[in-house]
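These numbers come from the heavy atoms of this one structure, side chains and all, not from hydrogens, waters or symmetry mates. Chain A is the first sequence line, chain B the second, and so forth, proteins listed ahead of strands; every chain is numbered from 1.
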2 protein chains.
Amino acid sequence: MDADSLQPSFAEPPGRAFEVVLAWVDAQILSGDLAVGDQLPAERELARLLNVSRAAVREAVRTLQAQGVVRSSVGAGAAGGTTINALPSDALTRLLRLHVALANFPHEDVIEVRVALERLSVRLAAQNATPEQLDVSQKAIDVMADPDIEREAFNDADTAFHVALAAAAGNRLAMDTTAAIRESMRLPILDRFRHVHAWDDIVEDLRRDHEAIQAAVTRGDAEEAERLVETHIRSAWHALSYDVSAGGWLGGSER
Amino acid sequence: MDADSLQPSFAEPPGRAFEVVLAWVDAQILSGDLAVGDQLPAERELARLLNVSRAAVREAVRTLQAQGVVRSSVGAGAAGGTTINALPSDALTRLLRLHVALANFPHEDVIEVRVALERLSVRLAAQNATPEQLDVSQKAIDVMADPDIEREAFNDADTAFHVALAAAAGNRLAMDTTAAIRESMRLPILDRFRHVHAWDDIVEDLRRDHEAIQAAVTRGDAEEAERLVETHIRSAWHALSYDVSAGGWLGGSER
DNA sequence: AAAGAAGAAGTGGTCAGACCATTGACACCG
DNA sequence: CGGTGTCAATGGTCTGACCACTTCTTCTTT
């Protein structure tokens, strides 16, 4: 058994000590005996219970932390220990970011999936967004409107705008996946922001697109919001990838 | 710094020993010095290099394994060591499955996102699928056609059908996210398969839907394939969640 | 000189034990 | 009753020993 089988099926016993722990946690979650907010047994206790070393327990806990399933704190009482937690968004973002960086997902692939998910998210946002949520996305637009804004800060606010719209969808998985995918493209997009020559033209287009999307979502026009966000993502990526002054495609990762 | 910051930004130094290692690997990947197929330094060497214990290195490696970034093998030479790998799909699946099991994503949320992604995947499959790929999805349909098939086996073949169509999309991220989300619903769907009374009616509808989707993809009718897969997912979920004999909704996780 | 066997070296995997910092619970004192 | 100090329990970290596996090197035999 190798590292591909970190989550073994129950038909086959775990091969490594830390996988014994993972299998135990998995079974507890599936059976409903461990839910969000519950604490795992202490590391030493779990090691005794499962007849593995404490190091094995710790390695399993790191795996679960990477998956956003648990968090750990030192100390006695309720503050200490390892708690089942609901942190899928960060875990998704970290995972996707690394694989984007490793060129395991071609940028064009990411853009396609991003279009599908952002269409879903703005449609749901147009139907579900609260004024408070729209305030968050509007604030990001206001930040981006600063004529002296640095490209990095613009990128951060641009990301925040999209994440805010995803958050307004009222659908946890849509929110997390949409945000994670936008975040995973933060560095590639910033890299392009830094290399394009026609930045002044591009940034105006981006601003106008964002405002149009915000307006469509605000008035509840789901179809228009979908159309606008798709056009925005595609045209922005196109502009950032093809810089006339550079005479060619900046390109993305190619497989 | 707590476990939420497993992937710290470089503006703040890592707080825990294993995060020093993660930050180092992150930097290596981002700079391009570590790419798919490359080996990390040996655990003992990396511990010396980064002035942490070997246990810290191992914990970081477990984190990276959970994210599908590395795999490890014992032994000298090229066979041994920790290698950068491209395994996003399994990592995504494991992550989503745990969070679905923890009820962190309401089933209805998952269905909505699944609809968006499967629409994308079948559209791309209609445009890009090879005969070999369509053969794989057809084989899953053939398995499901067995009149004596057990519900678990049907569920497995049903999953394989959707995964095969996603694989035919020719878009790595679409494939992985679509497959991961369908897989993450494998147990909830199987649970419903086991509890519905009108199984014979439902399974016929499922079979007919699958065949219609396969036919549309095969003849390259992207729009029809999209429409069919959305209708299929929604009506199947509705049928599986509302069982007249049970007199009410089986429901899903509620937040 | 070439081939095969044995040993060495290096790899991740595992464990035990010691120690550290943090945190809450409990006991004691005013 | 409130404040302080101590203790126990928690995760965090490190060290060192040993294991199984794999390849490489050295030695022996043909």
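Between A:Leu165 and A:Val122, the closest heavy-atom pair is CD1-CG1, 3.8 Å.
Closest contact between the side chain of B:Ser53 and the listed nucleotides C:dT22, C:dG12, D:dC14 involves D:dC14. Comparing D:dG11, D:dT22, C:dT11 by their closest approach to the side chain of B:Ala42 singles out C:dT11. The side chain of A:Ala76 has C:dT23 as its nearest neighbour among C:dC15, C:dT23, D:dG12.
Residues A:Glu152 and A:Arg194 are paired through a salt bridge, judged by an N-O separation under 4.0 Å between the basic side chain and the carboxylate. Under 4.0 Å is where a charged nitrogen must lie from a carboxylate oxygen, and between B:Arg97 and B:Glu183 no such pair does.
If you check every strand for non-hydrogen atoms under 4.0 Å, A:Val52 touches sugar and phosphate atoms only. Residue A:Gly75 is in base contact, counting any heavy-atom pair closer than 4.0 Å across all strands shown.
Residue B:Trp24 forms a side-chain contact (heavy atoms from CB on, under 4.5 Å) with just one option from B:Val57, B:Val52, B:Leu46, B:Ile29, and that option is B:Leu46. Of the residues listed (B:Asp156, B:Asn155, B:Asp158, B:Thr93), the one engaging B:Arg186 in a side-chain hydrogen bond (donor to acceptor under 3.5 Å, both in side chains) is B:Asp156, and it is the only one.
Per the geometry, CD belonging to A:Glu19 stands 17 Å off P belonging to C:dG12, to the nearest Å. When rounded to the nearest whole Å, the span between CG of B:Leu50 and C1' of D:dT13 equals 15 Å. Atom CD in A:Gln39 sits roughly 14 Å away from atom P in C:dT23 (whole-Å rounding). Regarding A:Phe18, its CZ atom lies at a distance of 16 Å from the C1' atom of C:dC15, rounded to whole Å. Rounded to whole Å, atom P of D:dA8 lies 20 Å from atom CD of A:Glu43. The distance between atom CG of B:Leu46 and atom P of C:dG10, rounded to the nearest whole Å, is 17 Å. Regarding B:Glu59, its CD atom lies at a distance of 14 Å from the P atom of C:dC15, rounded to whole Å. Atom CZ of A:Arg58 is separated from atom C1' of C:dG17 by 14 Å (rounded to the nearest Å).
For B:Arg62 and C:dG13, the shortest distance from a side-chain N or O to OP1 or OP2 is below 4.0 Å.
For B:Arg44 and C:dG10, a side-chain-to-base donor-acceptor distance below 3.5 Å is absent, hydrogens and geometry of angles not being considered. Interface remark: the A:Arg54 side chain does form a donor-acceptor pair with the D:dG12 base, using a distance-only criterion of under 3.5 Å.
Mapping A:Gly77 and B:Pro41 onto DNA chain C by nearest heavy atom places B:Pro41 closer to the 5' end of the strand. A residue-by-residue look at A:Asn51 and A:Gly80 shows that A:Asn51 has its nearest nucleotide of DNA chain C further toward the 5' end.
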